[in-house]
Visitor: 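The following block contains the structure, expressed as structure tokens.
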Amino acid sequence: MLDVSELIKRLDKYYPNPQTSLNYGNPFELLVATILSAQCTDVRVNEVTKTLFQKYRGPRDLAEANLTELEEDVRPTGFFKNKAKNLKNCAAQIVARFNGRVPNTLDELVSLPGVGRKTANCVLGSAYGIPGIVVDTHVARISQRLGLTDHEDPVKIEFALMELIPKDHWVDFSHQIILHGRAVCQARKPACPQCRLNDLCRYYHGTLRN
DNA sequence: CTCCCGATAT
DNA sequence: ATATCAGGAG
């Protein structure tokens, strides 16, 4: 089994002070940016939110947005019809049910339209400092490659990682793996020879034999 | 499991 | 041509 404490030590060394690369000024903006980040690069999300956050100052603005107009506002992030509808409905529920404040529990966040566990844990960790493992495409892929888990279901991966990773490292671990996934351990063509975790990695040792 | 979206990398 | 990009809902 992989040496988890060595893995964490390595991640802290190579990815110190990890943070989300989504731009935001408050929990609501982070929630919006994270909803938009589905199947889209964070660079493109940041381009869209730069003007979006000026146009819609908070959940009340977004709840009253013209849907067709909002669709055009978020179009570059892809899935724009779903995202626009979810953002508008999500904002409306935040106003109606939570007095305009983004909730700070997993159950309440997940109850909002367009918000799943990945988005919820993202907001909890970065906006509220509440520990959670963010299982996105990077965390799922790299957890499997390293050999941290054999599960493919994101929820099962999340619970497996919560058992393996100390709670005070959950948020940093998520960001570090995502950074590593973008820079080194890409989905298509992972840079295994340059990877500074490869001596710990099941995938690396496996691919060399084949 | 499919659909939603389109730009980009391979 | 096809897989991938900070996923979620029906």
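Chain letters run A, B, ... following the sequence lines, proteins first, then strands; residues in each count from 1.
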Visitor: Hey, which sits more toward the 5' end of DNA chain C by its nearest nucleotide, A/Gln19 or A/Gly114?
Guide: A/Gln19
Visitor: Contact between A/Ile157 and A/Gln144 at the side-chain level, heavy atoms closer than 4.5 Å - yes or no?
Guide: yes
Visitor: Any base atoms under 4.0 Å from A/Ile177, or only sugar-phosphate, or nothing? Heavy atoms, all strands.
Guide: nothing
Visitor: Using a cut-off of 4.0 Å on non-hydrogen atoms, how would the nucleic acid contact of A/Thr77 be classed: base, sugar-phosphate, or nothing?
Guide: nothing
Visitor: Nearest whole angstrom, please: distance from the P of C/dG7 to the CG of A/Asn86.
Guide: 15 Å
Visitor: Does A/Thr20 contact C/dA6 through a side-chain donor or acceptor facing the base, at a distance under 3.5 Å?
Guide: yes
Visitor: Work out how far the P atom of C/dA6 is from that of B/dT2, and round it to whole angstrom.
Guide: 23 Å
Visitor: Verify the contact: side-chain N or O of A/Thr137 to OP1 or OP2 of C/dC5, cut-off strictly under 4.0 Å; return yes or no.
Guide: yes
Visitor: Do the non-hydrogen side-chain atoms of A/Pro154 and A/Lys118 ever get within less than 4.5 Å of each other?
Guide: no
Visitor: Let me know the distance between CZ of A/Arg44 and C1' of B/dT8, rounded to the nearest Å.
Guide: 8 Å
Visitor: P atom, B/dA7 versus C/dG8: distance in rounded Å?
Guide: 23 Å
Visitor: Between B/dC5 atom C1' and A/Glu72 atom CD, what is the distance in whole Å?
Guide: 13 Å
Visitor: Looking across every strand, which nucleic acid part, if any, lies under 4.0 Å from A/Ile35 by heavy atom: base, sugar-phosphate, or nothing?
Guide: nothing
Visitor: Strictly below 4.0 Å: does A/Thr119 bring a side-chain N or O up to OP1 or OP2 of C/dG8?
Guide: yes
Visitor: Please report, rounded to the nearest Å, how far the P atom of C/dA6 is from the CZ atom of A/Arg182.
Guide: 6 Å
Visitor: Kindly say whether the aromatic ring centers of A/Tyr15 and A/His175 come within a distance under 6.0 Å.
Guide: no
Visitor: Is the CZ atom of A/Arg57 crowded by more than 12 outside heavy atoms at less than 6.0 Å?
Guide: no
Visitor: Expressed in whole Å, how much space separates the P atoms belonging to B/dC4 and C/dA1?
Guide: 22 Å
Visitor: Which listed nucleotide (B/dA7, C/dG7, C/dT4) is nearest to the side chain of A/Ala187?
Guide: C/dT4
Visitor: Select from A/Gln186 and A/Val135 the residue whose nearest nucleotide in DNA chain C is closer to the 5' end of that strand.
Guide: A/Gln186
Visitor: What integer distance in Å separates A/Trp170:CH2 from C/dA6:C1'?
Guide: 19 Å
Visitor: For A/Arg141 and C/dT4, give me the distance from atom CZ to atom P, rounded to whole Å.
Guide: 9 Å
Visitor: If stacking means aromatic ring centre less than 5.5 angstrom from the base's six-membered ring centre, planes under 30°, is A/Phe79 stacked on B/dC5?
Guide: no
Visitor: For residues A/Pro190 and A/Arg141, determine if any side-chain heavy atom of one lies less than 4.5 Å from a side-chain heavy atom of the other.
Guide: no
Visitor: Using a 4.0 Å heavy-atom cut-off across all strands, classify A/Val115 as base, sugar-phosphate, or nothing.
Guide: sugar-phosphate
Visitor: Assign A/Lys118 to base, sugar-phosphate, or nothing according to its heavy-atom contacts below 4.0 angstrom with the strands shown.
Guide: base
Visitor: Nearest-Å distance, NZ (A/Lys83) to P (C/dG8)?
Guide: 11 Å
Visitor: Just the rounded figure in Å: distance from P of C/dA9 to CG of A/Leu87.
Guide: 12 Å
Visitor: May I ask you to decide whether A/Arg182 forms a salt bridge with A/Asp42, counting only side-chain N to carboxylate O separations under 4.0 Å?
Guide: yes
